[in-house]
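Everything below concerns the one structure shown next.
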Amino acid sequence: DIQMTQSPSSLSASVGDRVSITCRASQTINSYLNWYQQKSGKAPKLLIYAASTLQSGVPSRFSGSGSGTDFTLTISSLQPEDFASYYCQQSYNTPRTFGQGTKVEIK
Amino acid sequence: EVQLVESGGGLVQPGGSLRLSCAASGFTFSDYSMNWVRQAPGKGLEWVSYISSSSVSIYYADSVEGRFTISRDNAKNSLYLQMNSLRAEDTAVYYCARVTAATFSAFDIWGQGTMVTVSS
């Protein structure tokens with residue numbers, strides 16, 4: 001199975017900050033990397049697929065980069081509604097493994 | 001509106017069974033592959049099972065292989081998860097999720113989830 005490792009596990013930031021979350025795969029997954037946002041008590045929401053393609057309706061302050069084994073989710077200017085948990089997921093093969101998550105909290 | 005609605009969760013004793021359902025609406029269900037994903041209380045997301053649009057391809061996580069069965073009824077726009085021999089570690093919110101039509105196979109539509117609690 002491909003292991004997905006996110007860092008950090010949590011972070012505290014202020015509104016307006018630039019925030020980056022990294023995700024590393026245990027083997028190459030090309031660009032088969034997706035990012036999800038999950039707010040407390042809600043279902044996950046797809047933000048980015050294919051490492052860098054923004055899902056329809058997702059604000060442009062979210063961006064993704066990387067290929068191979070190392071990936072980054074960046075929020076250019078953190079907004080109040082962005083405080084949530086974020087998960088990466090590989091869709092290169094089965095099982096479709098997720099990272100352990102990164103919780104973005106208010107500083 | 002594109003929507004997935006899960007049902008069938010509840011409290012069950014260890015060793016018991018439960019059948020989850022996921023009702024799809026607002027899109028052509030038979031065109032899409034589907035998944036079940038679960039989340040234990042306070043934990044991260046865990047992929048559980050996958051079924052292709054025509055049920056030809058089916059996969060399971062090692063943790064549920066041999067105990068859970070995924071199926072679908074395209075005429076009823078419904079996805080199912082039959083869960084047998086349930087264990088305490090199966091306690092989680094269970095989500096159904098649609099696979100995008102795009103090549104990279106992300107999960108683009110999720111249901112609201114249904115809670116399964118395995119406890120005596």
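We use all heavy atoms of the structure for the numbers below, so side chains are in, but hydrogens, waters and symmetry mates are not. Order of the sequence lines sets the chain letters (A, B, ...), proteins ahead of strands, with each chain counted from 1.
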- prompt: Would A:Ile48 and A:Val104 show up in the same hydrophobic cluster when neighbours are defined by side-chain heavy atoms closer than 4.5 Å?
  reply: yes

- prompt: OG/B:Ser105 to CD/A:Gln90 distance, rounded to the nearest 0.5 angstrom?
  reply: 10.5 Å

query: Same hydrophobic cluster for B:Tyr80 and B:Leu20, using side-chain heavy-atom links shorter than 4.5 Å among ILVMFWY?
result: no

- request: Taking the side chain as every heavy atom from C-beta outward, state whether A:Thr94 and B:Trp47 have any atom pair closer than 4.5 Å.
  value: yes

query: So which heavy atom on A:Ala43 is nearest to which on B:Gly111, and how close?
result: CB-O, 3.1 Å

field: From A:Gln89 atom CD to B:Leu45 atom CG, the distance as rounded to the nearest 0.5 Å
entry: 8.5 Å

message: Centroid separation under 6.0 Å, is that true for the rings of A:Tyr32 and B:Phe104?
response: yes

message: Tell me whether the count of non-hydrogen atoms from other residues, nucleotides or ligands lying under 6.0 Å of CZ in B:Arg67 goes above 12.
response: yes

task: Treating Ile, Leu, Val, Met, Phe, Trp and Tyr as nodes and any side-chain heavy-atom pair under 4.5 angstrom as an edge, say whether B:Phe27 and A:Tyr49 lie in one connected cluster.
output: no

message: Given heavy-atom pairs under 4.5 angstrom as the criterion, report whether the side chain, backbone, both or neither of A:Tyr36 touches chain B.
response: side chain

- prompt: At a heavy-atom separation under 4.5 Å, does B:Ser49 approach chain A through its side chain, its backbone, both, or neither?
  reply: neither

Close side-chain approach of A:Gln100 to B:Lys43, heavy-atom, < 4.5 Å: no

- request: Go through the atoms of B:Tyr95 and report whether side chain, backbone, both or neither lie under 4.5 Å from a heavy atom of chain A.
  value: side chain

message: At a 4.5 Å cut-off on heavy atoms, which part of A:Thr97 comes close to chain B: side chain, backbone, both, or neither?
response: neither

- request: Output the distance between atom CZ (A:Arg96) and atom OH (B:Tyr50), rounded to the nearest 0.5 Å.
  value: 7.5 Å

- request: With a 4.5 angstrom heavy-atom cut-off, could you sort out which part of B:Val37 is near chain A: side chain, backbone, both or neither?
  value: side chain

query: Going only through I, L, V, M, F, W and Y residues with side-chain contacts under 4.5 Å, is there a path from A:Ile2 to B:Tyr60?
result: no

- request: State plainly whether one hydrophobic cluster holds both B:Val118 and B:Leu11, where clusters connect Ile, Leu, Val, Met, Phe, Trp and Tyr through side-chain heavy atoms under 4.5 angstrom apart.
  value: no

Residue, of A:Ser31, A:Gly101, A:Ala50, that accumulates the most heavy atom pairs under 4.5 Å with chain B: A:Ala50

task: Check whether any side-chain heavy atom of A:Leu46 sits under 4.5 Å from a side-chain heavy atom of B:Thr100, and report yes or no.
output: yes

query: With respect to chain B, which residue among A:Pro95, A:Ser85, A:Ser56 yields the maximal number of heavy-atom pairs within a distance under 4.5 Å?
result: A:Pro95

query: Rounded to the nearest 0.5 Å, how far does CZ of A:Phe98 lie from CZ of B:Phe107?
result: 5.5 Å

